[in-house]
Amino acid sequence: MSLIITIDQEIKQAFLAKNQDRLRGLRAIKAALLVAKTEKGAGEINEEIELKILQRLAKQRKESADIYITQNREDLAKDELAELVVIEEFLPKQITDEELQTIIKNIILKVGAKEAKDMGKVMGVATKELAGKADGKKISDTVKQLLS
């Protein structure tokens with residue numbers, strides 16, 4: 001079942017349950033998927049594009065919540081974090097820091113990286129292998145730490 005069909009069903013359930021936070025998050029996902037679908041033409045969007053869209057939405061919500069918190073706008077931050085929870089339901093489970101380090105150590109051995117200048121080789125493989133499972137910044141920080 002495609003993600004947009006699942007989102008439509010979830011929107012109906014949230015509407016009937018009168019859950020406004022969930023409804024807002026689901027509508028944001030649906031809007032982003034529809035925009036992507038029209039940008040790419042009349043065809044369907046694949047899982048990889050759906051995953052990138054969800055990651056982008058989650059990142060936007062985190063950044064907005066951080067900004068609102070620094071500006072002492074907890075009311076707006078609460079709304080963003082509520083939407084983030086809904087968006088994260090549809091993302092793959094994030095791996096732990098220990099699992100991330102283990103995977104990156106294996107990638108470093110596989111590509112033969114020895115020092116910080118080999119970071120590009122490691123990042124290329126790591127971002128493909130860990131797509132959706134870990135944040136890009138977290139991957140980058142771990143690679144820097146392990147290569148230094």
Side-chain angles (χ1 to χ4, degrees), residues 1-108 116 118-148:
M1 185 182 317
S2 80
L3 181 60
I4 201 148
I5 294 171
T6 305
I7 296 296
D8 280 338
Q9 292 172 350
E10 292 288 327
I11 286 173
K12 288 175 189 172
Q13 291 174 0
F15 187 75
L16 292 174
K18 297 181 181 176
N19 185 342
Q20 295 301 313
D21 289 338
R22 184 165 178 76
L23 193 57
R24 203 173 39 252
L26 292 168
R27 284 180 173 159
I29 295 171
K30 183 175 180 181
L33 291 172
L34 290 174
V35 166
K37 191 174 182 180
T38 57
E39 284 176 356
K40 303 294 179 193
E44 289 291 315
I45 54 177
N46 61 26
E47 284 185 33
E48 183 180 332
I49 295 171
E50 290 174 347
L51 180 63
K52 286 181 182 180
I53 291 168
L54 290 172
Q55 288 173 324
R56 186 183 75 235
L57 291 173
K59 184 178 178 184
Q60 288 172 345
R61 296 309 181 279
K62 286 177 191 171
E63 290 172 353
S64 296
D66 289 343
I67 291 169
Y68 290 142
I69 289 170
T70 59
Q71 295 176 347
N72 293 323
R73 293 295 313 263
E74 281 76 21
D75 55 328
L76 297 174
K78 184 178 101 7
D79 291 343
E80 293 292 329
L81 293 172
E83 288 182 32
L84 177 62
V85 169
V86 174
I87 293 166
E88 286 178 339
E89 284 179 31
F90 298 96
L91 283 169
K93 182 184 173 292
Q94 299 290 298
I95 60 174
T96 65
D97 291 340
E98 294 81 27
E99 293 171 323
L100 179 64
Q101 282 197 346
T102 304
I103 292 170
I104 291 178
K105 284 178 185 175
N106 290 337
I107 292 170
I108 289 171
D118 298 327
M119 185 172 170
K121 288 192 267 184
V122 177
M123 284 299 294
V125 175
T127 52
K128 286 180 185 167
E129 194 171 310
L130 296 167
K133 298 177 186 172
D135 180 53
K137 182 165 176 30
K138 194 183 263 189
I139 294 170
S140 175
D141 291 343
T142 306
V143 170
K144 282 179 191 172
Q145 174 192 349
L146 292 173
L147 287 178
S148 57

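No hydrogens, no waters, no symmetry mates; every other heavy atom, side chains included, goes into these values. Just so you know, residue 1 is the first one in the sequence shown, and it goes up from there.
For the atom pair CG of L54 and CG of L33, the computed distance is 6.5 Å after rounding to the nearest 0.5 Å. In this structure, NZ in K137 is found 10.0 Å from OG1 in T142, a value given to the nearest 0.5 Å. Considering CD1 of I87 and NZ of K59, their distance stands at 14.0 Å, rounded to 0.5 Å. Between K93 atom NZ and T96 atom OG1 the span is 6.5 Å, to the nearest 0.5 Å.
Smallest separation of non-hydrogen atoms from L84 and A58: CD1-O, 3.5 Å. Of all the heavy atoms in I95 and A134, the pair that sits closest is CG1-CB, 4.2 Å. Taking all atoms of both residues into account, the shortest heavy-atom contact from L26 to I7 is O-CG2, 3.5 Å. Closest non-hydrogen pair, I69 versus A77, comes out as CG1-CB, 3.7 Å. When every heavy atom of A28 is checked against every heavy atom of L57, the shortest pair comes out as O-CD1, 4.1 Å. The heavy-atom pair separating V86 from D21 by the smallest distance is CG2-O, 4.4 Å.
In this structure R73 satisfies the salt bridge (charged side-chain N to carboxylate O under 4.0 Å, His left out) test together with D75, sequence neighbours excluded.
Under the 4.5 Å side-chain criterion, counting only non-hydrogen atoms from C-beta, L23 is in contact with Q20. No side-chain heavy atom of Y68 sits less than 4.5 Å from a side-chain heavy atom of D79. Between S64 and L76, the closest side-chain pair of non-hydrogen atoms is not below 4.5 Å.
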Evaluate the criterion salt bridge (charged side-chain N to carboxylate O under 4.0 Å, His left out) for residue pair K12 and D8; output intermediate values, then yes/no.
-> CA-CA 6 Å; K12 288 175 189 172; D8 280 338; over 6 Å; no
Going through the checks in order, is the side chain to side chain contact (heavy atoms under 4.5 Å, CB included) test met by Q55 and L51?
-> CA-CA 6 Å; Q55 288 173 324; L51 180 63; 4.2 Å; yes
After noting the C-alpha distance and the side-chain angles of K78 and E74, does the key distance pass the salt bridge (charged side-chain N to carboxylate O under 4.0 Å, His left out) rule?
-> CA-CA 6 Å; K78 184 178 101 7; E74 281 76 21; over 6 Å; no
Can I get a per-line list of side-chain donor-acceptor pairs under 3.5 Å for residues 121-128, giving both atom names and the distance, sequence neighbours left out?
unit_1, atom_1, unit_2, atom_2, d
T127, OG1, M123, O, 2.8
T127, OG1, G124, O, 3.3

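For residues 81-91, the side chain to side chain donor-acceptor pair (under 3.5 Å) pairs, not counting sequence neighbours, are R22-E89, R24-E83, R61-E83.
Looking at K62 and D66, no side-chain N of the basic residue comes within less than 4.0 Å of a carboxylate O on the acidic one, giving no salt bridge.
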